[in-house]
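For reference, the structure is listed below as C-alpha cells.
Order of listing sets the numbers, starting from 1, for every ligand and every atom in it.
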Amino acid sequence: MTSYDVVIVGARPAGASLAARLGKRGRSVLLLDRAKFPSLPSVPSSPALHAGAMKILDEMGVPESSYAHSGAKMRTFAVQVGSHFSTVIPMYEAWGRDYAYGIDRQLFDDVLWKHAGTFPSVTRREEFAVTDLVQENGQVAGVIGAAGDGALETIRARVVVGADGRFSLVARKVSAEVVEENAKFLATVYYADWENVAPLFDGDEGAHVFTTARGLDVPMFRMPGGRMNVNLHIRADRVDIQGDADTYYHETLRSHPEVWRRLEGARRVSPIFGIKKIGNGYRKASGPGWVLTGDALHYKDPVDGQGIYDALLETRELDPLLDQFLDGKLAWDEAMRRYWEAVQAGTHAMFEQTQLRLQRELYSEPPALVMKTMMRWLLTDEAYQKRFIHYLTRYLPDDRLMTPGVMAGAIVRGVGRDISRLWRRKR
Ligand SMILES: Cc1cc2nc3c(=O)[nH]c(=O)nc-3n(C[C@H](O)[C@H](O)[C@H](O)COP(=O)(O)OP(=O)(O)OC[C@H]3O[C@@H](n4cnc5c(N)ncnc54)[C@H](O)[C@@H]3O)c2cc1C
C-alpha cells in the first residue's frame with residue numbers, strides 16, 4: 001500500500017500552494033483532485049486577484065507573467081451609486097503594485113497545479129475522486145478513492161489535508177463542525193463573461209461597481225481576451241429567479257440604465273454561473289490526523305475578493321507547522337493550535353469587515369439624502385479611497401476599513417469641498 005507524509009485533497013489555490021511549499025522542503029506529498037486541469041473550479045468564482053495575493057505568489061516563485069494578461073490589468077476602480085454620483089478610484093500602490101488583475105481561473109489554477117508538479121517529491125493525480133477517509137483508532141490515516149471508473153484505492157498518509165473547497169468532503173467525513181457562521185447577511189451571485197462591453201469613460205482601464213444601495217451591486221471585472229466579467233451580487237432574500245436564471249440575470253441588468261448602457265452593444269460569451277445564499281464562516285480547523293485549509297476551513301462572500309489571498313495565506317502558515325510536526329519537533333496538538341491562531345490573526349478582522357460591508361451595502365437602504373451627502377463625501381474622499389484600496393489589498397495593518405476617525409475626516413473634508421464649490425459657483 002502506498003504511503004505519503006501528506007495527502008492533500010483538492011488542488012486549486014489552497015491545495016496546490018500547500019503541495020508546492022511542502023514539496024520545496026522535500027516532503028512526500030500526494031496532491032489529488034477529481035477535476036482534470038485546466039478547468040474551472042466546480043464552485044463558481046469570479047476572477048479578481050489583488051496585489052496582496054500576488055505578493056504571496058511572488059514569494060512562492062510563481063511569476064506574474066504566468067497567470068496575468070495585460071488586457072486584464074485593472075488600474076482603477078469606478079464606483080457608481082445609483083444615479084446619485086460616481087467616482088473613479090485609482091488603484092493606489094500596495095505591496096509594490098498599483099493594479100489588480102482579472103484572471104482566467106482555468107489558467108490560474110492550472111499554473112498552480114503545474115507549479116506543484118515541479119517539485120520531485122510531489123505526486124499529482126487528477127481525475128481522482130476521494131470518497132472516504134481511512135479512520136483507525138480515532139485517527140485519520142489516509143484516503144479512499146478512485147481514478148475515473150477505476151477500482152477503489154486506499155492511500156495512507158501521516159496527515160490528510162482537506163483543501164477541497166467550501167463543500168468539503170473531508171470536513172463532512174470528520175464531522176468538522178462550523179465554529180463561527182454569519183447566516184444573517186447572505187448574498188446570491190450570478191455572473192457571466194461578455195465581449196464588446198463599452199468603456200465607462202475614455203481611457204477606462206478598470207473595474208466598475210454599480211450599486212443601487214437597495215440590495216443589488218453589479219461588479220464588472222476586466223478579463224483576458226478583452227472580455228468583461230459581469231456579476232449580480234444581490235441580497236439573497238430578494239432573489240426569485242422563478243426557475244430561469246438566464247432571464248433573471250438579463251432582466252436585472254437591463255433594468256439599470258447605468259449598467260445596460262455598457263452592455264447593450266455587447267454579447268454574453270459564457271454560460272451564466274450562480275451560487276445562492278453564499279455562506280460565511282469557519283469550520284473547526286483540525287483533529288487527529290486531519291486539517292482543513294482554504295475554503296474548506298474558511299468560506300465567505302466574495303464582495304471583497306479575498307478567497308484566493310486567504311487560501312494562500314493559510315497554506316503559508318500551515319506549511320512550516322506540518323513540517324515541524326513531521327520532523328517530530330512539534331506535537332500535533334501544538335502545531336494545530338498555532339495554525340488556528342495564525343488563521344484567526346490573518347483572516348478574522350477582514351472577515352468581520354466583509355460581514356459589515358454586506359450589512360451596510362446590501363442590507364441597509366440609506367435615504368437618498370444620505371447617498372447624496374454622507375456617502376458621496378466618503379466615497380469621493382481621497383484619504384478614504386486610498387484606505388479602501390489598501391483594505392482590499394490587505395495593506396492596512398489592522399484590516400479595518402471604516403473607523404470613526406476615517407468617517408469623521410471624510411465628512412469634514414466633504415462638507416468643505418461642497419462649501420468651496422458653492423462659493424466658487426456664487427462668485
Ligand atoms: C461567486 C464567487 C466569486 C468569487 N470571486 C473571487 C474573486 O474575485 N477573487 C478571489 O480571490 N476569490 C474569489 N472567490 C473565492 C475563491 O473562488 C475561493 O476562495 C478559492 O477558489 C478557494 O480555493 P480552494 O483551493 O480552497 O478551493 P476550490 O478552489 O474550491 O478548490 C477545491 C478543489 O477540491 C476538489 N475536490 C473537492 N472534493 C473533492 C474530492 N472528494 N476528491 C477530489 N477532489 C475534490 C475540487 O475539484 C476543486 O478542484 C469567489 C467565490 C465565489 C463563490
Side-chain angles (χ1 to χ4, degrees), residues 7-19 30-50 52-54 56-57 74 100-106 108-110 112-113 116 124-133 143-147 155 160-173 186-192 207 219-221 223 229 231-234 272-280 283 292-315 347 350 354 392-394:
V7 170
I8 303 173
V9 186
R12 291 190 192 267
S17 63
L18 182 65
L30 176 62
L31 180 62
L32 299 172
D33 204 299
R34 65 182 172 204
K36 184 169 173 55
F37 292 91
S39 59
L40 288 173
S42 51
V43 178
S45 173
S46 327
L49 190 72
H50 62 66
M54 286 188 258
I56 305 186
L57 292 166
M74 298 185 282
Y101 277 112
I103 47 164
D104 176 343
R105 277 296 297 265
Q106 295 206 45
F108 179 73
D109 292 3
D110 193 48
L112 295 182
W113 165 256
R124 296 172 304 158
R125 292 183 69 180
E126 53 191 331
E127 294 186 284
F128 186 101
V130 173
T131 51
D132 211 343
L133 302 179
V143 298
I144 300 168
I155 302 166
V160 171
V161 178
D164 49 345
R166 66 167 59 219
F167 305 114
S168 169
L169 173 111
V170 174
R172 270 179 281 134
K173 291 290 175 185
L186 300 184
T188 287
V189 166
Y190 289 101
Y191 67 87
M220 300 191 202
F221 303 108
M223 291 281 288
N229 182 265
N231 293 256
L232 300 181
H233 181 244
I234 325 143
I272 296 167
F273 298 96
I275 171 163
K276 290 179 186 164
K277 297 184 181 167
I278 302 170
N280 298 282
R283 292 192 177 96
L292 303 178
T293 194
D295 274 15
L297 167 64
H298 171 41
Y299 45 92
K300 62 256 152 199
D301 188 277
V303 63
D304 283 321
Q306 298 302 323
I308 295 171
Y309 174 89
D310 282 351
L312 298 175
L313 175 101
E314 287 158 21
T315 58
T347 64
M350 187 73 190
T354 299
L392 290 179
T393 50
R394 306 295 275 267

* Just which atoms of ligand 1 are under 4.0 Å from any heavy atom in Pro44? -> 1 (C), 2 (C), 51 (C), 52 (C), 53 (C)
* Asked: Taking the minimum heavy-atom distance to atom 8 (O) of ligand 1, which of Pro13, Gly10, Ala48 ranks first?
  -> Ala48
* For ligand 1, find out whether one of its N or O atoms is nearer than 3.5 Å to an N or O atom of Ile275. => no
* Asked: Given that the side chain starts at C-beta and the backbone is N, CA, C, O, which of these parts of Ala163 lies under 4.0 Å from ligand 1, counting heavy atoms, or is it both or neither?
  -> backbone
* Proximal atoms of ligand 1 relative to Phe128 (non-hydrogen, under 4.0 Å) -> 42 (N), 43 (C)
* Structure fact -> Under 4.0 Å between heavy atoms, the region of His50 that gets near ligand 1 turns out to be neither
* Report yes if some heavy atom in the side chain of Leu49 is under 4.5 Å from a heavy atom in the side chain of Leu57; otherwise report no. => yes
* Structure fact -> In this structure, atom 14 (N) of ligand 1 is nearest to the protein heavy atom Ser45 OG, 3.4 Å
* Does Lys300 have a heavy atom less than 4.0 Å from any atom of ligand 1? -> no
* Mind checking whether Leu49 contacts ligand 1 via backbone (N, CA, C, O), side chain (CB onward), both or neither, at a 4.0 Å heavy-atom cut-off? => neither
* For the residue pair Phe37 and Trp113, categorise the inter-ring angle as parallel (less than 30°), tilted (30 to 60°) or perpendicular (more than 60°). => parallel
* Asked: For Ile308, is at least one N or O under 3.5 Å away from an N or O on ligand 1?
  -> yes
* Asked: Taking C-beta and beyond as the side chain, do Val43 and Asp295 meet within less than 4.5 Å on heavy atoms?
  -> no
* To do: Measure the shortest side-chain to side-chain distance between Ile308 and Ile103 over non-hydrogen atoms and say whether it is less than 4.5 angstrom.
  => yes
